[in-house]
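Throughout, numbering of the chain's residues begins at 1 and tracks the sequence. The basis for the numbers below is simple: all heavy atoms, side chains too, and nothing from hydrogens, waters or symmetry mates.
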Amino acid sequence: MFRNALEPWHLLILGLVIILVFGSKKLPDTARSLGKSLRILKSETQAMKEETDKNAESSGERRSAGS
């Protein structure tokens with residue numbers, strides 16, 4: 001049913017609609033702000049992962065020291 005749901009001509013039409021909605025002048029600014037947002041999201045998720053790993057290591061050390 002959804003085997004060929006997104007074909008290349010669908011992407012072409014989607015691109016044209018995006019250009020018509022945002023306009024060619026605002027498109028680079030929109031892409032730039034989207035890129036910045038994705039970088040911020042990536043750095044925040046990395047920081048959360050590091051914090052979680054750090055907490056897991058410190059709780060593991062406490063358990064082994066308490067035994």
Side-chain angles (χ1 to χ4, degrees):
M1 182 172 167
F2 294 109
R3 188 171 170 168
N4 292 325
L6 195 61
E7 294 183 8
W9 65 273
H10 289 118
L11 296 175
L12 180 64
I13 292 173
L14 182 63
L16 290 174
V17 169
I18 289 173
I19 289 173
L20 288 174
V21 169
F22 289 110
S24 61
K25 292 188 180 197
K26 289 188 178 184
L27 210 53
D29 292 335
T30 304
R32 191 176 301 116
S33 64
L34 180 63
K36 285 180 183 179
S37 299
L38 289 175
R39 269 180 281 187
I40 291 170
L41 178 66
K42 184 178 178 181
S43 67
E44 290 296 323
T45 54
Q46 183 67 28
M48 287 176 58
K49 183 180 179 203
E50 289 173 358
E51 184 177 327
T52 303
D53 291 344
K54 183 180 175 183
N55 288 339
E57 287 176 4
S58 65
S59 66
E61 289 175 3
R62 281 190 232 144
R63 287 183 189 148
S64 62
S67 297

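- With sequence neighbours left out, Ile18 forms a side-chain contact (heavy atoms from CB on, under 4.5 Å) with Leu14, Phe22, Leu27.
- For Val17, the side-chain contact (heavy atoms from CB on, under 4.5 Å) partners are Ile13, Val21, not counting sequence neighbours.
- Two residues are said to be in side-chain contact when any heavy atoms from C-beta on lie closer than 4.5 Å; Asp53 and Lys49 meet this criterion.
- To the nearest 0.5 Å, atom CD1 of residue Ile19 and atom NZ of residue Lys25 are 14.5 Å apart.
- Asp29 is linked by a salt bridge (charged side-chain N to carboxylate O under 4.0 Å, His left out) to Arg32, counting only residues two or more places apart in sequence or in another chain.
- Within the model, atoms CD of Gln46 and CG of Leu41 stand 11.5 Å from one another, a figure rounded to the nearest 0.5 Å.
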